[in-house]
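See structure below.
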Number of protein chains: 2
Amino acid sequence: MSTGEKIALKDLCDSIRMEIVSRNFPPGMKLSEQILCSRWNVSRTPIREALRHLESEGFISSSKHKGFVVTSISMHDVEQIYTIMINLDSLAARLATPFIARDAKKLERLRALCEEMQGLCGMKDIEGYMRKNLEFHSIIFRASENRWIIKILENLHSHTNRFILKALYIPRRMDESVQEHFEVLRCIEKGDERGVEKAIAVHFSRSLGDLKNEIELSAPLRTKEMD
Amino acid sequence: MSTGEKIALKDLCDSIRMEIVSRNFPPGMKLSEQILCSRWNVSRTPIREALRHLESEGFISSSKHKGFVVTSISMHDVEQIYTIMINLDSLAARLATPFIARDAKKLERLRALCEEMQGLCGMKDIEGYMRKNLEFHSIIFRASENRWIIKILENLHSHTNRFILKALYIPRRMDESVQEHFEVLRCIEKGDERGVEKAIAVHFSRSLGDLKNEIELSAPLRTKEMD
DNA sequence: TTTGCATGAATTGTATACGAATACTTACTC
DNA sequence: GAGTAAGTATTCGTATACAATTCATGCAAA
(Lines give C-alpha, C1' and ligand atoms only; values in the text may rest on other atoms or scores of the structure.)
Protein backbone atom coordinates (compact mmCIF):
# COMPACT_ATOMS: atom_id res chain seq x y z
CA MET A 1 0.00 0.00 0.00
CA SER A 2 0.85 3.68 -0.27
CA THR A 3 3.43 3.65 -3.01
CA GLY A 4 2.23 6.81 -4.69
CA GLU A 5 1.04 10.26 -3.71
CA LYS A 6 1.63 11.83 -0.33
CA ILE A 7 -0.96 11.40 2.40
CA ALA A 8 -2.54 14.50 3.93
CA LEU A 9 -2.03 15.10 7.62
CA LYS A 10 -5.74 14.86 8.31
CA ASP A 11 -5.96 11.51 6.57
CA LEU A 12 -2.93 10.28 8.45
CA CYS A 13 -4.63 11.29 11.67
CA ASP A 14 -7.86 9.57 10.64
CA SER A 15 -5.99 6.41 9.67
CA ILE A 16 -4.22 6.10 12.98
CA ARG A 17 -7.42 6.89 14.87
CA MET A 18 -9.21 4.18 12.95
CA GLU A 19 -6.54 1.68 13.90
CA ILE A 20 -7.03 2.59 17.54
CA VAL A 21 -10.83 2.59 17.52
CA SER A 22 -10.88 -0.74 15.71
CA ARG A 23 -8.55 -2.09 18.40
CA ASN A 24 -6.04 -2.91 15.73
CA PHE A 25 -3.77 -0.76 17.83
CA PRO A 26 -4.97 -2.03 21.21
CA PRO A 27 -4.88 -0.15 24.53
CA GLY A 28 -1.40 -0.02 26.00
CA MET A 29 0.29 -0.48 22.64
CA LYS A 30 3.49 1.46 22.23
CA LEU A 31 3.37 3.53 19.07
CA SER A 32 6.89 3.59 17.75
CA GLU A 33 7.41 6.56 15.49
CA GLN A 34 9.68 4.62 13.16
CA ILE A 35 7.16 1.88 12.60
CA LEU A 36 4.42 4.41 11.90
CA CYS A 37 6.79 6.18 9.51
CA SER A 38 7.43 3.10 7.44
CA ARG A 39 3.77 2.10 7.65
CA TRP A 40 2.68 5.35 5.98
CA ASN A 41 5.89 6.25 4.15
CA VAL A 42 6.37 9.62 5.75
CA SER A 43 8.97 11.09 8.05
CA ARG A 44 8.67 11.54 11.78
CA THR A 45 7.56 15.17 11.59
CA PRO A 46 4.05 14.62 10.20
CA ILE A 47 3.68 11.47 12.28
CA ARG A 48 4.39 13.37 15.47
CA GLU A 49 1.99 16.15 14.50
CA ALA A 50 -0.75 13.60 13.91
CA LEU A 51 0.05 11.93 17.22
CA ARG A 52 -0.21 15.26 19.06
CA HIS A 53 -3.63 15.71 17.57
CA LEU A 54 -4.74 12.27 18.71
CA GLU A 55 -3.23 12.91 22.09
CA SER A 56 -5.44 15.93 22.58
CA GLU A 57 -8.41 13.81 21.51
CA GLY A 58 -7.56 11.37 24.27
CA PHE A 59 -6.68 8.35 22.16
CA ILE A 60 -3.01 8.27 23.09
CA SER A 61 -0.85 9.61 25.85
CA SER A 62 2.77 10.61 25.82
CA SER A 63 5.50 10.88 28.40
CA LYS A 64 8.80 12.53 27.86
CA HIS A 65 11.45 10.32 26.33
CA LYS A 66 9.15 7.33 26.43
CA GLY A 67 6.95 8.15 23.49
CA PHE A 68 3.33 7.54 22.70
CA VAL A 69 1.05 4.83 24.03
CA VAL A 70 -2.55 4.00 23.16
CA THR A 71 -4.70 4.93 26.15
CA SER A 72 -6.80 2.27 27.78
CA ILE A 73 -10.51 2.71 28.29
CA SER A 74 -12.10 1.20 31.36
CA MET A 75 -15.68 0.44 32.29
CA HIS A 76 -15.35 3.40 34.61
CA ASP A 77 -14.61 5.62 31.64
CA VAL A 78 -17.53 4.18 29.73
CA GLU A 79 -19.84 4.98 32.63
CA GLN A 80 -18.54 8.54 32.71
CA ILE A 81 -18.97 8.92 28.98
CA TYR A 82 -22.48 7.47 28.98
CA THR A 83 -23.40 9.86 31.77
CA ILE A 84 -22.53 12.66 29.39
CA MET A 85 -24.17 11.08 26.37
CA ILE A 86 -27.44 10.57 28.21
CA ASN A 87 -27.56 14.34 28.47
CA LEU A 88 -25.79 15.53 25.34
CA ASP A 89 -27.14 13.10 22.80
CA SER A 90 -30.67 13.85 23.98
CA LEU A 91 -30.02 17.57 23.80
CA ALA A 92 -28.61 17.18 20.31
CA ALA A 93 -31.57 15.04 19.29
CA ARG A 94 -34.01 17.65 20.52
CA LEU A 95 -32.22 20.33 18.52
CA ALA A 96 -32.05 18.08 15.48
CA THR A 97 -35.70 17.05 15.46
CA PRO A 98 -37.15 19.99 13.54
CA PHE A 99 -34.40 19.73 10.93
CA ILE A 100 -34.79 16.00 10.40
CA ALA A 101 -38.60 16.05 10.52
CA ARG A 102 -38.68 18.00 7.28
CA ASP A 103 -35.86 16.11 5.59
CA ALA A 104 -37.27 13.11 3.75
CA LYS A 105 -33.85 11.74 2.87
CA LYS A 106 -32.69 11.61 6.47
CA LEU A 107 -35.97 10.15 7.69
CA GLU A 108 -35.77 7.46 5.07
CA ARG A 109 -32.18 6.65 5.99
CA LEU A 110 -33.03 6.46 9.68
CA ARG A 111 -35.91 4.08 8.98
CA ALA A 112 -33.69 1.93 6.78
CA LEU A 113 -31.10 1.79 9.54
CA CYS A 114 -33.70 0.73 12.08
CA GLU A 115 -34.84 -2.08 9.84
CA GLU A 116 -31.30 -3.13 9.02
CA MET A 117 -30.50 -3.21 12.72
CA GLN A 118 -33.51 -5.41 13.28
CA GLY A 119 -32.22 -7.78 10.61
CA LEU A 120 -28.64 -7.83 11.87
CA CYS A 121 -29.93 -8.39 15.36
CA GLY A 122 -31.64 -11.55 14.17
CA MET A 123 -28.46 -12.65 12.44
CA LYS A 124 -26.46 -11.96 15.57
CA ASP A 125 -24.07 -9.76 13.59
CA ILE A 126 -22.89 -7.55 16.43
CA GLU A 127 -20.23 -5.79 14.44
CA GLY A 128 -22.65 -4.82 11.70
CA TYR A 129 -25.23 -3.82 14.27
CA MET A 130 -22.76 -1.52 16.03
CA ARG A 131 -21.92 0.16 12.75
CA LYS A 132 -25.56 0.86 11.91
CA ASN A 133 -26.19 1.98 15.46
CA LEU A 134 -23.34 4.49 15.24
CA GLU A 135 -24.61 5.81 11.93
CA PHE A 136 -28.12 6.18 13.33
CA HIS A 137 -26.99 8.29 16.25
CA SER A 138 -24.47 10.22 14.13
CA ILE A 139 -27.14 11.28 11.68
CA ILE A 140 -29.19 12.61 14.56
CA PHE A 141 -26.55 14.55 16.44
CA ARG A 142 -24.99 15.90 13.25
CA ALA A 143 -28.38 17.36 12.36
CA SER A 144 -28.35 19.41 15.56
CA GLU A 145 -26.46 22.10 13.66
CA ASN A 146 -24.45 22.83 16.78
CA ARG A 147 -20.86 22.31 15.72
CA TRP A 148 -19.62 22.19 19.30
CA ILE A 149 -21.97 19.39 20.25
CA ILE A 150 -21.14 17.53 17.08
CA LYS A 151 -17.43 17.64 17.73
CA ILE A 152 -17.83 16.50 21.33
CA LEU A 153 -20.19 13.66 20.48
CA GLU A 154 -18.08 12.43 17.59
CA ASN A 155 -15.20 12.14 19.99
CA LEU A 156 -17.22 10.44 22.75
CA HIS A 157 -18.88 7.95 20.42
CA SER A 158 -15.47 7.02 19.01
CA HIS A 159 -14.24 6.32 22.50
CA THR A 160 -17.22 4.15 23.46
CA ASN A 161 -16.75 2.22 20.26
CA ARG A 162 -13.28 1.35 21.43
CA PHE A 163 -14.78 -0.40 24.42
CA ILE A 164 -17.80 -2.04 22.96
CA LEU A 165 -16.83 -5.52 22.51
CA LYS A 166 -17.78 -7.56 19.56
CA ALA A 167 -17.82 -10.50 21.90
CA LEU A 168 -20.58 -9.16 24.06
CA TYR A 169 -23.83 -10.43 22.64
CA ILE A 170 -26.96 -9.77 24.65
CA PRO A 171 -29.97 -10.92 22.60
CA ARG A 172 -32.61 -9.51 24.91
CA ARG A 173 -30.90 -6.14 25.07
CA MET A 174 -30.50 -5.93 21.34
CA ASP A 175 -34.20 -6.50 20.70
CA GLU A 176 -35.04 -3.82 23.25
CA SER A 177 -32.51 -1.51 21.69
CA VAL A 178 -34.04 -1.90 18.24
CA GLN A 179 -37.45 -1.00 19.65
CA GLU A 180 -35.98 2.08 21.31
CA HIS A 181 -34.55 3.20 17.99
CA PHE A 182 -37.96 2.84 16.38
CA GLU A 183 -39.45 4.87 19.21
CA VAL A 184 -36.89 7.63 18.62
CA LEU A 185 -37.75 7.61 14.95
CA ARG A 186 -41.49 7.83 15.63
CA CYS A 187 -40.96 10.86 17.85
CA ILE A 188 -38.80 12.54 15.23
CA GLU A 189 -41.44 11.95 12.56
CA LYS A 190 -44.04 13.55 14.79
CA GLY A 191 -41.69 16.45 15.40
CA ASP A 192 -42.02 15.75 19.11
CA GLU A 193 -38.83 17.37 20.36
CA ARG A 194 -39.37 16.58 24.02
CA GLY A 195 -40.37 13.04 23.14
CA VAL A 196 -37.16 12.52 21.19
CA GLU A 197 -35.10 13.99 24.00
CA LYS A 198 -36.68 11.62 26.48
CA ALA A 199 -36.47 8.60 24.18
CA ILE A 200 -32.76 9.12 23.58
CA ALA A 201 -32.07 9.60 27.26
CA VAL A 202 -33.95 6.42 28.09
CA HIS A 203 -32.14 4.57 25.33
CA PHE A 204 -28.69 5.50 26.57
CA SER A 205 -29.61 4.96 30.21
CA ARG A 206 -30.78 1.43 29.45
CA SER A 207 -27.77 0.72 27.29
CA LEU A 208 -25.49 1.75 30.10
CA GLY A 209 -27.47 -0.22 32.65
CA ASP A 210 -27.32 -3.39 30.61
CA LEU A 211 -23.67 -2.86 29.82
CA LYS A 212 -22.94 -2.62 33.53
CA ASN A 213 -24.94 -5.75 34.27
CA GLU A 214 -23.21 -7.64 31.52
CA ILE A 215 -19.77 -6.60 32.69
CA GLU A 216 -20.74 -7.52 36.21
CA LEU A 217 -21.83 -10.97 35.09
CA SER A 218 -18.72 -11.52 33.01
CA ALA A 219 -16.57 -10.18 35.81
CA PRO A 220 -14.61 -13.38 36.21
CA LEU A 221 -13.61 -13.00 32.58
CA ARG A 222 -12.23 -9.51 32.71
CA THR A 223 -12.46 -7.09 35.57
CA LYS A 224 -12.92 -3.36 35.78
CA GLU A 225 -10.06 -2.44 33.50
CA MET A 226 -10.28 -3.61 29.92
CA ASP A 227 -6.68 -4.29 28.87
CA MET B 1 12.36 36.53 28.94
CA SER B 2 13.27 32.85 28.69
CA THR B 3 17.02 32.95 28.58
CA GLY B 4 17.53 29.81 30.61
CA GLU B 5 16.07 26.33 30.79
CA LYS B 6 14.01 24.75 28.07
CA ILE B 7 10.23 25.12 28.13
CA ALA B 8 8.11 21.98 28.25
CA LEU B 9 5.73 21.35 25.38
CA LYS B 10 2.73 21.46 27.67
CA ASP B 11 3.77 24.83 29.04
CA LEU B 12 4.37 26.13 25.55
CA CYS B 13 0.88 25.02 24.63
CA ASP B 14 -0.58 26.66 27.74
CA SER B 15 1.29 29.88 27.05
CA ILE B 16 0.02 30.21 23.52
CA ARG B 17 -3.50 29.29 24.60
CA MET B 18 -3.37 31.97 27.27
CA GLU B 19 -2.36 34.55 24.69
CA ILE B 20 -5.35 33.57 22.60
CA VAL B 21 -7.89 33.46 25.43
CA SER B 22 -6.69 36.80 26.73
CA ARG B 23 -7.16 38.18 23.23
CA ASN B 24 -3.52 39.14 23.16
CA PHE B 25 -3.50 37.00 20.04
CA PRO B 26 -6.84 38.19 18.68
CA PRO B 27 -9.18 36.27 16.37
CA GLY B 28 -7.96 36.23 12.80
CA MET B 29 -4.35 36.79 13.80
CA LYS B 30 -1.86 34.94 11.67
CA LEU B 31 0.50 32.92 13.83
CA SER B 32 3.84 33.02 12.10
CA GLU B 33 5.98 30.10 13.19
CA GLN B 34 9.16 32.15 13.10
CA ILE B 35 7.77 34.80 15.39
CA LEU B 36 6.55 32.20 17.85
CA CYS B 37 9.97 30.54 17.65
CA SER B 38 11.85 33.66 18.62
CA ARG B 39 9.20 34.53 21.22
CA TRP B 40 9.82 31.27 23.11
CA ASN B 41 13.34 30.50 21.93
CA VAL B 42 12.57 27.11 20.47
CA SER B 43 12.67 25.69 16.98
CA ARG B 44 9.72 25.20 14.68
CA THR B 45 9.22 21.54 15.57
CA PRO B 46 7.87 22.00 19.12
CA ILE B 47 5.98 25.11 18.04
CA ARG B 48 4.17 23.20 15.36
CA GLU B 49 3.35 20.36 17.73
CA ALA B 50 1.87 22.82 20.21
CA LEU B 51 -0.10 24.47 17.42
CA ARG B 52 -1.52 21.11 16.33
CA HIS B 53 -2.70 20.57 19.86
CA LEU B 54 -4.40 23.96 19.99
CA GLU B 55 -5.88 23.32 16.57
CA SER B 56 -7.62 20.23 17.85
CA GLU B 57 -8.88 22.25 20.81
CA GLY B 58 -10.43 24.69 18.35
CA PHE B 59 -8.37 27.77 19.16
CA ILE B 60 -6.62 27.95 15.82
CA SER B 61 -7.19 26.63 12.34
CA SER B 62 -4.70 25.74 9.67
CA SER B 63 -4.75 25.46 5.93
CA LYS B 64 -2.07 23.92 3.83
CA HIS B 65 0.80 26.24 2.95
CA LYS B 66 -0.99 29.15 4.56
CA GLY B 67 -0.26 28.35 8.15
CA PHE B 68 -2.11 28.86 11.40
CA VAL B 69 -4.71 31.49 12.22
CA VAL B 70 -6.50 32.22 15.49
CA THR B 71 -10.13 31.20 15.09
CA SER B 72 -12.83 33.76 15.58
CA ILE B 73 -15.67 33.22 17.98
CA SER B 74 -19.04 34.64 17.12
CA MET B 75 -22.16 35.28 19.16
CA HIS B 76 -23.58 32.31 17.31
CA ASP B 77 -20.81 30.14 18.72
CA VAL B 78 -21.40 31.50 22.19
CA GLU B 79 -25.07 30.59 21.95
CA GLN B 80 -24.15 27.08 20.88
CA ILE B 81 -21.66 26.73 23.69
CA TYR B 82 -24.05 28.07 26.31
CA THR B 83 -26.67 25.62 25.09
CA ILE B 84 -24.23 22.88 25.99
CA MET B 85 -23.14 24.45 29.27
CA ILE B 86 -26.71 24.83 30.46
CA ASN B 87 -26.86 21.05 30.32
CA LEU B 88 -23.32 19.95 31.10
CA ASP B 89 -22.42 22.39 33.85
CA SER B 90 -25.62 21.52 35.65
CA LEU B 91 -24.95 17.82 35.24
CA ALA B 92 -21.42 18.31 36.54
CA ALA B 93 -22.71 20.36 39.45
CA ARG B 94 -25.19 17.66 40.40
CA LEU B 95 -22.42 15.06 40.38
CA ALA B 96 -20.12 17.36 42.31
CA THR B 97 -22.57 18.28 45.04
CA PRO B 98 -22.05 15.32 47.38
CA PHE B 99 -18.28 15.71 47.10
CA ILE B 100 -18.26 19.42 47.79
CA ALA B 101 -20.89 19.27 50.52
CA ARG B 102 -18.48 17.35 52.74
CA ASP B 103 -15.40 19.35 51.81
CA ALA B 104 -15.08 22.33 54.14
CA LYS B 105 -12.16 23.82 52.20
CA LYS B 106 -14.05 23.93 48.93
CA LEU B 107 -17.20 25.27 50.55
CA GLU B 108 -15.21 28.01 52.19
CA ARG B 109 -13.51 28.92 48.93
CA LEU B 110 -16.82 29.02 47.08
CA ARG B 111 -18.29 31.32 49.72
CA ALA B 112 -15.24 33.56 49.59
CA LEU B 113 -15.55 33.75 45.81
CA CYS B 114 -19.22 34.70 46.06
CA GLU B 115 -18.39 37.50 48.44
CA GLU B 116 -15.45 38.67 46.38
CA MET B 117 -17.67 38.72 43.33
CA GLN B 118 -20.16 40.84 45.21
CA GLY B 119 -17.38 43.27 46.06
CA LEU B 120 -15.92 43.41 42.57
CA CYS B 121 -19.40 43.88 41.20
CA GLY B 122 -19.76 47.03 43.31
CA MET B 123 -16.37 48.24 42.13
CA LYS B 124 -17.33 47.55 38.53
CA ASP B 125 -14.20 45.45 38.05
CA ILE B 126 -15.45 43.25 35.24
CA GLU B 127 -12.14 41.59 34.59
CA GLY B 128 -11.71 40.58 38.20
CA TYR B 129 -15.31 39.48 38.37
CA MET B 130 -14.90 37.24 35.33
CA ARG B 131 -11.85 35.63 36.87
CA LYS B 132 -13.64 34.83 40.12
CA ASN B 133 -16.65 33.64 38.20
CA LEU B 134 -14.52 31.21 36.20
CA GLU B 135 -12.87 29.89 39.33
CA PHE B 136 -16.25 29.40 41.01
CA HIS B 137 -17.59 27.30 38.19
CA SER B 138 -14.29 25.48 37.70
CA ILE B 139 -14.21 24.36 41.32
CA ILE B 140 -17.67 22.92 40.89
CA PHE B 141 -17.25 21.05 37.65
CA ARG B 142 -13.80 19.80 38.61
CA ALA B 143 -15.37 18.24 41.70
CA SER B 144 -17.65 16.16 39.48
CA GLU B 145 -14.89 13.55 39.34
CA ASN B 146 -15.84 12.84 35.74
CA ARG B 147 -12.65 13.47 33.80
CA TRP B 148 -14.47 13.58 30.48
CA ILE B 149 -16.85 16.29 31.62
CA ILE B 150 -13.99 18.23 33.15
CA LYS B 151 -11.99 18.22 29.96
CA ILE B 152 -14.98 19.30 27.87
CA LEU B 153 -16.00 22.08 30.23
CA GLU B 154 -12.50 23.43 30.62
CA ASN B 155 -12.36 23.76 26.87
CA LEU B 156 -15.81 25.36 26.54
CA HIS B 157 -15.27 27.82 29.38
CA SER B 158 -11.97 28.88 27.81
CA HIS B 159 -13.75 29.57 24.57
CA THR B 160 -16.52 31.61 26.15
CA ASN B 161 -13.91 33.62 27.99
CA ARG B 162 -12.47 34.59 24.63
CA PHE B 163 -15.76 36.23 23.78
CA ILE B 164 -16.76 37.79 27.01
CA LEU B 165 -15.88 41.32 26.66
CA LYS B 166 -14.38 43.35 29.38
CA ALA B 167 -16.21 46.28 27.89
CA LEU B 168 -19.64 44.84 28.49
CA TYR B 169 -20.81 46.05 31.85
CA ILE B 170 -24.36 45.25 32.85
CA PRO B 171 -24.90 46.32 36.46
CA ARG B 172 -28.35 44.78 36.83
CA ARG B 173 -27.19 41.49 35.38
CA MET B 174 -24.15 41.34 37.59
CA ASP B 175 -26.16 41.79 40.75
CA GLU B 176 -28.54 39.08 39.64
CA SER B 177 -25.63 36.87 38.78
CA VAL B 178 -24.11 37.25 42.22
CA GLN B 179 -27.39 36.22 43.79
CA GLU B 180 -27.56 33.19 41.55
CA HIS B 181 -24.10 32.13 42.71
CA PHE B 182 -25.20 32.41 46.32
CA GLU B 183 -28.23 30.30 45.48
CA VAL B 184 -26.00 27.62 43.95
CA LEU B 185 -23.85 27.66 47.04
CA ARG B 186 -26.86 27.33 49.36
CA CYS B 187 -28.07 24.27 47.43
CA ILE B 188 -24.63 22.69 47.57
CA GLU B 189 -24.42 23.24 51.32
CA LYS B 190 -27.78 21.52 51.73
CA GLY B 191 -26.57 18.69 49.54
CA ASP B 192 -29.56 19.34 47.31
CA GLU B 193 -28.30 17.80 44.08
CA ARG B 194 -31.41 18.52 42.04
CA GLY B 195 -31.53 22.04 43.41
CA VAL B 196 -27.94 22.67 42.35
CA GLU B 197 -28.62 21.23 38.93
CA LYS B 198 -31.58 23.52 38.47
CA ALA B 199 -29.81 26.58 39.89
CA ILE B 200 -26.86 26.18 37.54
CA ALA B 201 -29.13 25.67 34.55
CA VAL B 202 -31.10 28.78 35.44
CA HIS B 203 -27.90 30.73 35.98
CA PHE B 204 -26.47 29.88 32.57
CA SER B 205 -29.80 30.36 30.82
CA ARG B 206 -30.14 33.85 32.24
CA SER B 207 -26.52 34.69 31.47
CA LEU B 208 -27.07 33.69 27.88
CA GLY B 209 -30.34 35.57 27.66
CA ASP B 210 -28.82 38.76 28.98
CA LEU B 211 -25.77 38.34 26.79
CA LYS B 212 -28.03 38.09 23.75
CA ASN B 213 -30.02 41.16 24.78
CA GLU B 214 -26.89 43.14 25.39
CA ILE B 215 -25.40 42.16 22.04
CA GLU B 216 -28.69 43.03 20.39
CA LEU B 217 -28.69 46.46 22.01
CA SER B 218 -25.08 47.15 21.13
CA ALA B 219 -25.65 45.84 17.63
CA PRO B 220 -24.69 49.10 15.94
CA LEU B 221 -21.34 48.79 17.69
CA ARG B 222 -20.43 45.31 16.59
CA THR B 223 -22.62 42.92 14.73
CA LYS B 224 -23.05 39.18 14.83
CA GLU B 225 -19.44 38.34 14.21
CA MET B 226 -16.97 39.50 16.83
CA ASP B 227 -13.81 40.34 14.87
C1' DT C 1 -4.48 54.02 -13.48
C1' DT C 2 -5.09 49.40 -13.85
C1' DT C 3 -4.33 44.77 -15.31
C1' DG C 4 -1.30 41.02 -16.11
C1' DC C 5 2.59 38.41 -15.54
C1' DA C 6 7.24 37.26 -14.00
C1' DT C 7 10.59 36.97 -10.67
C1' DG C 8 12.29 36.65 -6.06
C1' DA C 9 11.54 36.64 -1.10
C1' DA C 10 9.30 34.61 2.57
C1' DT C 11 6.71 30.87 4.67
C1' DT C 12 5.21 26.46 5.18
C1' DG C 13 5.62 21.03 4.70
C1' DT C 14 8.64 17.39 5.16
C1' DA C 15 12.99 15.10 5.70
C1' DT C 16 17.08 14.55 7.96
C1' DA C 17 20.74 15.28 11.53
C1' DC C 18 22.33 15.36 16.11
C1' DG C 19 22.30 15.45 21.25
C1' DA C 20 19.96 13.32 25.24
C1' DA C 21 17.58 9.86 27.62
C1' DT C 22 16.07 5.21 27.84
C1' DA C 23 16.18 0.29 26.87
C1' DC C 24 18.69 -3.54 25.83
C1' DT C 25 22.76 -6.71 25.68
C1' DT C 26 26.49 -8.73 27.43
C1' DA C 27 29.55 -10.10 30.53
C1' DC C 28 31.00 -10.67 35.03
C1' DT C 29 30.35 -11.67 40.00
C1' DC C 30 28.42 -14.30 43.53
C1' DG D 1 21.59 -19.65 37.54
C1' DA D 2 20.40 -14.91 39.40
C1' DG D 3 21.62 -10.44 39.80
C1' DT D 4 24.09 -6.47 38.52
C1' DA D 5 27.07 -3.14 35.98
C1' DA D 6 28.99 -1.33 31.86
C1' DG D 7 28.68 -0.44 27.38
C1' DT D 8 26.00 -0.45 23.18
C1' DA D 9 21.88 0.32 20.53
C1' DT D 10 17.64 2.29 19.98
C1' DT D 11 14.26 5.89 20.50
C1' DC D 12 12.88 10.30 21.40
C1' DG D 13 13.21 15.68 21.51
C1' DT D 14 14.75 19.37 19.04
C1' DA D 15 17.27 21.81 15.54
C1' DT D 16 18.26 22.44 11.01
C1' DA D 17 18.16 21.67 5.90
C1' DC D 18 15.79 21.36 1.76
C1' DA D 19 11.59 21.32 -1.22
C1' DA D 20 7.11 23.12 -2.41
C1' DT D 21 3.95 26.79 -2.36
C1' DT D 22 2.35 31.32 -1.61
C1' DC D 23 2.87 36.21 -1.39
C1' DA D 24 4.95 40.61 -2.64
C1' DT D 25 7.16 43.51 -5.70
C1' DG D 26 8.13 45.53 -10.01
C1' DC D 27 7.61 46.30 -14.60
C1' DA D 28 5.22 46.31 -19.05
C1' DA D 29 1.19 46.86 -21.71
C1' DA D 30 -3.66 48.19 -22.27
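Numbers restart at 1 for each chain; the letters A, B, ... are given by sequence-line order, proteins then strands.
Side-chain contact between A:E145 and B:Q80 is absent, with no heavy-atom pair separated by less than 4.5 Å.
A straight line from CG of A:L36 to C1' of D:dT10 spans 16 Å, rounded to a whole angstrom. Atom CG of B:L9 is separated from atom P of C:dA20 by 19 Å (rounded to the nearest Å). Remark: C1' of D:dT21 and NE2 of B:H65 are 5 Å apart, rounded to the nearest angstrom. Atom CZ of B:F68 and atom C1' of C:dT11 are 12 Å apart (whole Å). For the pair A:Q34 CD and C:dT16 C1', the interatomic distance rounds to 12 Å; values are reported in whole Å. Across the protein-nucleic acid pair, B:K6 atom NZ and D:dT14 atom P stand 7 Å apart, rounded to whole Å. In this structure, A:I7 places its CD1 atom 11 Å from P of C:dT14, rounding to the nearest Å.
Among the nucleotides D:dG13, D:dT11, C:dT16, the one closest to the side chain of A:R44 is D:dG13. For A:E33, counting side-chain heavy atoms from C-beta on, the closest listed nucleotide (D:dT14, D:dC12, C:dA15) is D:dC12. The B:K64 side chain lies nearest to C:dG13 when the options are C:dG13, C:dT12, D:dC12. With C:dT11, D:dA15, D:dC12 as the candidates, the nucleotide lying closest to the side chain of B:K30 is C:dT11.
In A:Q34, the CD atom is not crowded: 12 or fewer heavy atoms of neighbouring residues, nucleotides or ligands sit closer than 6.0 Å. The number of heavy-atom neighbours closer than 6.0 Å to NZ of A:K106, taken from other residues, nucleotides and ligands shown, is 12 or below.
Toward the 5′ end of DNA chain D lies the nearest nucleotide of A:L31, the other residue of the pair A:L31 and B:S43 mapping further downstream. Of the residues near DNA chain C, A:A8 and A:K66, the one whose nearest nucleotide (by heavy atom distance) lies more toward the 5' end is A:A8.
Residues A:F59 and A:H53 keep their aromatic ring centres 6.0 Å or farther apart. A ring-centre distance under 6.0 Å is found for A:H181 and A:H203.
Nearest heavy-atom pair across B:C114 and B:L185 is SG-CD2, 4.2 Å.
Between the side chains of B:S177 and B:Y129, a donor-acceptor pair is found at a separation under 3.5 Å.
Annotation: proximity of residues 46-63 of chain A to DNA chain C (heavy atom, distance under 4.0 Å) is found for A:P46, numbered in ascending order.
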